Amino acid sequence: MDVSGSVPPVMGGEPEAPAAPLAYEGVWRFTAPALEESVPQARRAVRDLLGRQGVPADQDLVYSLLLIVSELVTNSVRHAALLSPEVAVEVAIGREWVRVAVEDNHPYRPKALEADFGQTGGRGLLLVREITLEAGGVCDVEHTSTGGKVIWAALPLTAPAAQAPAAPPVPAS
């Protein structure tokens, strides 16, 4: 995956040199069959990746990311498996944020439903949206160039109080 961008100019007009990437920064992608068993496997893979890379994420952030991954993979398995026998999970880790994304080949672009207390399900995307907003992050659903969709959420890492987290990159469509 190529990520492109530019360095914003500094008050003197000259751009600052980009900082060297930290050891935990990078992008990882894996695929799994669109089966129920893939949900806990995806959750474990993301948890293990965060630990292995030494991402400075507190326990609440890790739990939030794992819940988001669980909800998004579950949605793909339940609603897209007929047209998408495989689901892709991507984890992008930057200096100040973590972005998780789930991609499938089903063209339907879901919307977060409002709470209907008469139903026992159907609120996964609402939950993802609320967790993301509570953490100070952003989330979205986008179409892919192959006709499917990618649903992503980016959450800020715990940053020093004096700094505001930089905005996560928006994935290229």
Side-chain angles (χ1 to χ4, degrees), residues 1-5 18-81 84-106 110 112 121 123-142 144 146 148-160 163 165-173:
M1 179 173 148
D2 293 325
V3 177
S4 60
L22 298 173
Y24 59 81
E25 291 183 90
V27 177
W28 295 264
R29 183 179 175 91
F30 59 91
T31 59
L35 302 170
E36 290 290 332
E37 302 86 58
S38 295
V39 177
Q41 291 172 353
R43 192 172 46 245
R44 277 192 301 275
V46 171
R47 182 197 63 216
D48 293 349
L49 174 67
L50 296 172
R52 187 172 58 249
Q53 291 305 118
V55 178
D58 63 28
Q59 188 173 357
D60 287 341
L61 176 62
V62 172
Y63 286 156
S64 294
L65 289 166
L66 297 180
L67 183 54
I68 289 168
V69 167
S70 292
E71 289 295 331
L72 296 180
V73 173
T74 297
N75 283 353
S76 285
V77 166
R78 288 191 179 157
H79 305 294
S84 184
E86 197 170 71
V87 60
V89 177
E90 184 176 277
V91 181
I93 306 168
R95 183 175 293 272
E96 298 177 350
W97 50 266
V98 177
R99 179 182 171 273
V100 292
V102 174
E103 181 178 336
D104 62 50
N105 290 322
H106 196 289
R123 292 185 283 277
L125 288 179
L126 177 65
L127 182 61
V128 168
R129 184 180 70 194
E130 293 305 314
I131 290 169
T132 302
L133 292 174
E134 184 177 303
V138 293
C139 59
D140 202 1
V141 180
E142 298 175 353
T144 64
T146 59
K149 67 181 164 304
V150 62
I151 304 175
W152 59 272
L155 305 181
L157 290 171
T158 304
Q163 295 179 346
V170 175
S173 297

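Since this is a predicted model, take the numbers as computed values, not measurements. Along the sequence shown, residues carry numbers from 1.
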Legend entry - Side-chain donor or acceptor of Glu25 paired with backbone N/O of Arg95 under 3.5 Å: yes
Legend entry - Inter-residue atom distance Asp48.CG - Gln53.CD, 0.5 Å rounding: 11.5 Å
Inset, instruction - Report the distance from atom CZ of Arg52 to atom CG of Leu49, rounding to the nearest 0.5 Å. - result: 5.0 Å
Legend entry - Evaluation steps, side chain to side chain donor-acceptor pair (under 3.5 Å), between Asp104 and Ser76: CA-CA 7 Å; Asp104 62 50; Ser76 285; 2.8 Å; yes
Legend entry - Neighbour count >12 (heavy atoms, 6.0 Å) for atom CZ, Phe30: yes
Legend entry - Gap separating the CG atom of Leu67 from the CZ atom of Arg43, nearest 0.5 angstrom: 9.0 Å
Inset, instruction - Please tell me if the side chains of Trp152 and Leu72 come closer than 4.5 Å, counting only heavy atoms from C-beta onward. - result: no
Inset, instruction - Might you point out which heavy atoms bring Glu37 and Pro40 nearest each other, and give the distance in Å? - result: O-CD, 3.4 Å
Inset, instruction - Please examine the side chains of Val98 and Ile93, heavy atoms only from C-beta on, and report whether any two atoms are closer than 4.5 Å. - result: yes
Legend entry - Between CD1 on residue Ile68 and CD1 on residue Ile151, distance to nearest 0.5 Å: 12.0 Å
Inset, instruction - Report yes if some heavy atom in the side chain of Leu155 is under 4.5 Å from a heavy atom in the side chain of Thr132; otherwise report no. - result: yes
Legend entry - Derivation of the side-chain contact (heavy atoms from CB on, under 4.5 Å) call for Leu127 and Ile131: CA-CA 6 Å; Leu127 182 61; Ile131 290 169; 3.8 Å; yes
Inset, instruction - I would like to know whether Leu157 and Leu61 meet side-chain contact (heavy atoms from CB on, under 4.5 Å); could you show each step before the answer? - result: CA-CA 8 Å; Leu157 290 171; Leu61 176 62; 3.6 Å; yes
Inset, instruction - Would you name the heavy atoms of Ser38 and Pro33 that are closest together and state the gap between them? - result: OG-O, 2.5 Å
Legend entry - Spatial distance of atom SG (Cys139) from atom CZ (Arg99) [nearest 0.5 Å]: 11.5 Å
Legend entry - Backbone of Glu36 reached by a side-chain donor or acceptor of Arg78 within 3.5 Å: no
Inset, instruction - Report yes if the side chains of Val46 and Leu50 come closer than 4.5 Å at any heavy-atom pair, otherwise no. - result: yes
Inset, instruction - Determine the minimum heavy-atom distance between His106 and Ser84, stating which atoms define it. - result: N-CB, 4.1 Å
Legend entry - Between NZ on residue Lys149 and CD on residue Glu103, distance to nearest 0.5 Å: 9.5 Å
